[in-house]
Amino acid sequence: MKIIITGGAGFIGSALIRYLLNNQELKILNIDNLSYAGNLESIPKNLQNKNYEFKKINICSYPEISDLIKSFKPNKIIHLAAESHVDRSISDPKIFLETNILGTYNLLEASLDYFINSPYSQQKQFLFHHVSTDEVYGDLDLKDNPFTEKTRYDPSSPYSASKASSDHLVRAWNRTYGLPTVITNCSNNYGPYHFPEKFIPNVIISALLGKKIRIYGDGFQIRDWLYVYDHVEALFKVATESKSGETYNIGGFNEIKNIDVAMKICKILEELKQLKSDDINYFSDLISYEKDRPGHDRRYAIDSSKISNDLNWYPKETFDTGIYKTVLWYIENRSWWQNIIDQKYTLERLGIKGE
């Protein structure tokens, strides 16, 4: 089987590639523009695997994307390439519209051209798998039931609006042109190799550096957290076992307040006896509350019963087991995130808070 993965140098994409590289029957082509969050160091074994190939391409470049799809002849395309940081979408939305909407359009058009000109045997195997987010649904009150695949779209930020737009495009290309597609909407991911500006790595790294742990508003925003390796197992199941036209929500069954996430991380660091600056007694002393960001959704929650029933997928990690593994990884792999801070960031930029 031949699989194209867009955004394979990003957090979820690189986790998917690390997972797939253990399968010797797959040939993988990673397409990534290597923007600020793309990092090939997140795929440490790529050079040792003859079934892996990387191409630096911007999905907004239709000719390059089209030529590559035709030459590689994929059975599956798993589309993860996206601008995904909410704070950045608020301050500079244009790149989100270009990458998430125009980029997805280019991939759909190139995929359709490849699909309709392929032999029937190849068409039967082909699937365009679009990876989206639970943020397209907006937010929930505490009393509301979790999002299902039938929840209406109600995005709050430029990021989630751009992802909602791309979801609609994928469905339109399936219904209008017959392109085999599937969509997955996941909850907040966490785990190894997560870019430092995102919420959980930001908390861990800030604590290790003795910097303020910045929390938006009162910290009572609730997210459903999904360990990234649980997610990529679900992605592979969907790409290889689902039917065209389906949508699956993928969540971790872990609804937790942001402030409680930060407190859990601080507690783990205390248990692991990590060194801290002399002016604090506990890592939790570093927590500070800041003005909430515009349009900040209060609660996300995913109902994953459909993928569990249809494809027999269930997350393996609880939040307690997953967050412990994650904190330990950041402690043991300081060179990975320190290089990002040194090369692409300043310590002041680390103060960006995100999800």
Colleague: Mind telling me whether H130 and F128 have parallel, tilted or perpendicular rings, with 30° and 60° as the class edges?
Modeller: parallel
Colleague: With a 4.0 Å cut-off on N to O distance, would you call E149 and K306 a salt bridge?
Modeller: no
Colleague: Are F319 and Y190 an aromatic pair by the rule of ring centers under 6.0 Å?
Modeller: yes
Colleague: Which atom pair, heavy atoms only, marks the closest approach of S157 to V86?
Modeller: CB-CG1, 3.9 Å
Colleague: Would you mind listing the cluster partners of I222? Hydrophobic ones only (ILVMFWY), side-chain contacts under 4.5 Å, chaining allowed.
Modeller: L142
Colleague: Check for a donor-acceptor pair, side chain of S206 on one end and backbone N or O of V203 on the other, with a separation under 3.5 Å.
Modeller: no
Colleague: Would you say that F199 contacts W225 through its side chain, given a criterion of any heavy-atom pair below 4.5 Å between the two side chains?
Modeller: yes
Colleague: When rounded to the nearest 0.5 angstrom, what distance separates CD1 in I200 from CG in N188?
Modeller: 8.0 Å
Colleague: Indicate yes or no for a side-chain donor-acceptor contact from Q123 to the backbone of F115 under 3.5 Å, with no hydrogens or angles considered.
Modeller: yes
Colleague: Using 0.5 Å steps for rounding, measure from the OG atom of S89 to the CD atom of E135.
Modeller: 8.5 Å
Colleague: Do K2 side-chain atoms and F72 backbone N/O form a donor-acceptor pair below 3.5 Å?
Modeller: yes
Colleague: I'd like a table of donor-acceptor pairs (distance under 3.5 Å, sequence neighbours excluded) in which one partner is a side-chain atom from residues 4-11, with atom names and distances.
Modeller:
| unit_1 | atom_1 | unit_2 | atom_2 | d |
| --- | --- | --- | --- | --- |
| T6 | OG1 | H79 | ND1 | 2.7 |
| T6 | OG1 | L80 | N | 2.9 |
| T6 | OG1 | A81 | N | 3.0 |

Colleague: Check N39 against L34 and note the closest heavy-atom contact, atom names and distance.
Modeller: N-CD2, 4.3 Å
Colleague: Between S165 and S162, is any side-chain donor less than 3.5 angstrom from a side-chain acceptor?
Modeller: no
Colleague: Where do Y227 and P192 come nearest, in terms of heavy atoms and distance?
Modeller: OH-CD, 3.8 Å
Colleague: Counting only N and O atoms by type, is there a donor-acceptor contact under 3.5 Å from the side chain of N254 to the main-chain atoms of G252?
Modeller: yes
Colleague: If we ignore hydrogens and angles and just use 3.5 Å, is the side chain of Y330 paired with the main-chain N or O of H194 as donor and acceptor?
Modeller: yes
Colleague: Please test Q122 against N75 for side-chain contact (heavy atoms from CB on, under 4.5 Å), starting from the C-alpha separation and ending with a verdict.
Modeller: CA-CA 7 Å; Q122 186 79 358; N75 304 110; 3.8 Å; yes
Colleague: Does anything in residues 159-185 form a salt bridge (Lys or Arg N to Asp or Glu O under 4.0 Å)? List the pairs, not counting sequence neighbours.
Modeller: none
Colleague: Could I get the full list of side chain to side chain donor-acceptor pair (under 3.5 Å) partners for S42, not counting sequence neighbours?
Modeller: W336
Colleague: Walk me through whether E255 and R299 qualify under salt bridge (Lys or Arg N to Asp or Glu O under 4.0 Å).
Modeller: CA-CA 9 Å; E255 287 190 58; R299 174 182 171 235; 2.8 Å; yes
Colleague: Please lay out, stage by stage, how S305 and D303 fare under the test side chain to side chain donor-acceptor pair (under 3.5 Å).
Modeller: CA-CA 6 Å; S305 58; D303 180 346; 2.8 Å; yes
Colleague: Can a donor-acceptor pair be found, under 3.5 Å and without considering hydrogens, that links the side chain of D285 to the backbone of N281?
Modeller: yes
Colleague: What residues form a side chain to side chain donor-acceptor pair (under 3.5 Å) with N51, not counting sequence neighbours?
Modeller: K27
Colleague: Taking all non-hydrogen atoms of both residues, which atom of L127 and which atom of S244 are closest, and how far apart?
Modeller: CD1-CA, 4.3 Å
Colleague: Report yes if some heavy atom in the side chain of S187 is under 4.5 Å from a heavy atom in the side chain of H231; otherwise report no.
Modeller: no
Colleague: Identify, with sequence neighbours excluded, every residue that meets side chain to side chain donor-acceptor pair (under 3.5 Å) alongside T151.
Modeller: none
Colleague: Tell me if the centroids of the rings in Y114 and F126 come within less than 6.0 Å of each other.
Modeller: yes
Colleague: Should the heavy atoms of other residues, nucleotides or ligands under 6.0 Å from OH of Y282 be counted, would the total exceed 12?
Modeller: no
Colleague: Would you mind telling me which of L102, T104, V131 makes a side-chain contact (heavy atoms from CB on, under 4.5 Å) with S166?
Modeller: T104
Colleague: Looking only at non-hydrogen atoms, find the nearest pair between G251 and W313 and report the distance.
Modeller: O-CH2, 3.3 Å
Colleague: Is there a donor-acceptor contact under 3.5 Å linking the side chains of N117 and D113?
Modeller: yes
Colleague: Quick check: closest heavy atoms across Y216 and K291, and the distance to 0.1 Å?
Modeller: CD2-O, 3.2 Å
Colleague: Side-chain donor-acceptor pair under 3.5 Å between Y289 and D218, yes or no?
Modeller: no
Colleague: Are L40 and I31 connected into the same hydrophobic cluster when the rule is that any two of I, L, V, M, F, W, Y join if their side-chain heavy atoms are below 4.5 Å apart?
Modeller: no
Colleague: Has the side chain of N100 got a donor or acceptor atom that lies under 3.5 Å from a matching backbone atom of L97?
Modeller: no
Colleague: Side chain to side chain donor-acceptor pair (under 3.5 Å) with D292: which residues, sequence neighbours excluded?
Modeller: H296
Colleague: For Y248 and D310, which I'm curious about, is there any donor-acceptor pair between the side chains at under 3.5 Å?
Modeller: yes
Colleague: With sequence neighbours left out, which residue pairs that include part of residues 324-338 fulfil the salt bridge (Lys or Arg N to Asp or Glu O under 4.0 Å) condition?
Modeller: E317-K325
Colleague: Hey, does I3 have a side-chain heavy atom less than 4.5 Å from the side chain of L26?
Modeller: yes
Colleague: Could you check whether D320 and T318, counting side-chain N and O atoms only, form a donor-acceptor pair closer than 3.5 Å?
Modeller: no
Colleague: Can you list every pair that meets ring-ring contact (aromatic ring centres under 6.0 Å, His included) and has a residue in residues 137-169, with sequence neighbours left out?
Modeller: Y137-F147, Y137-Y153, Y153-H168
Colleague: Check whether any side-chain heavy atom of N185 sits under 4.5 Å from a side-chain heavy atom of T133, and report yes or no.
Modeller: no
Colleague: Return yes if some donor-acceptor pair links the side-chain N/O of T176 with the main-chain N/O of A172 below 3.5 Å, else return no.
Modeller: yes
Colleague: Would you mind listing every side chain to side chain donor-acceptor pair (under 3.5 Å) that reaches into residues 265-274, with sequence neighbours excluded?
Modeller: E270-K276
Colleague: Would you give the length of the straight line joining atom CG of N202 to atom CD1 of I213, rounded to the nearest 0.5 angstrom?
Modeller: 8.5 Å
Colleague: Is a donor from one side chain sitting under 3.5 angstrom from an acceptor on the other, for E109 and W173?
Modeller: yes
Colleague: More than 12 heavy atoms of other residues, nucleotides or ligands under 6.0 Å from CZ of F253: is that the case?
Modeller: yes
Colleague: Go through Y193 and W329 one step at a time and tell me if the ring-ring contact (aromatic ring centres under 6.0 Å, His included) criterion holds.
Modeller: CA-CA 9 Å; Y193 296 100; W329 186 89; 4.5 Å; yes
Colleague: Who pairs with K56 by salt bridge (Lys or Arg N to Asp or Glu O under 4.0 Å), at least two apart in sequence or on another chain?
Modeller: none
Colleague: Spell out, as yes or no, whether a donor-acceptor pair under 3.5 Å connects the side chain of D139 to the backbone of R298.
Modeller: yes
Colleague: Under the salt bridge (Lys or Arg N to Asp or Glu O under 4.0 Å) test, which residues partner D67, sequence neighbours left out?
Modeller: none
Colleague: Take N258 and R223 through the test side-chain contact (heavy atoms from CB on, under 4.5 Å) and record every step on the way to the result.
Modeller: CA-CA 7 Å; N258 284 350; R223 302 293 180 260; 3.8 Å; yes
Colleague: Taking atom CD1 of I250 and atom CG of N189, what is their separation to the nearest 0.5 Å?
Modeller: 9.0 Å
Colleague: Taking K198 for the side chain and F195 for the main chain, is one N or O donor matched with an acceptor at less than 3.5 Å?
Modeller: no
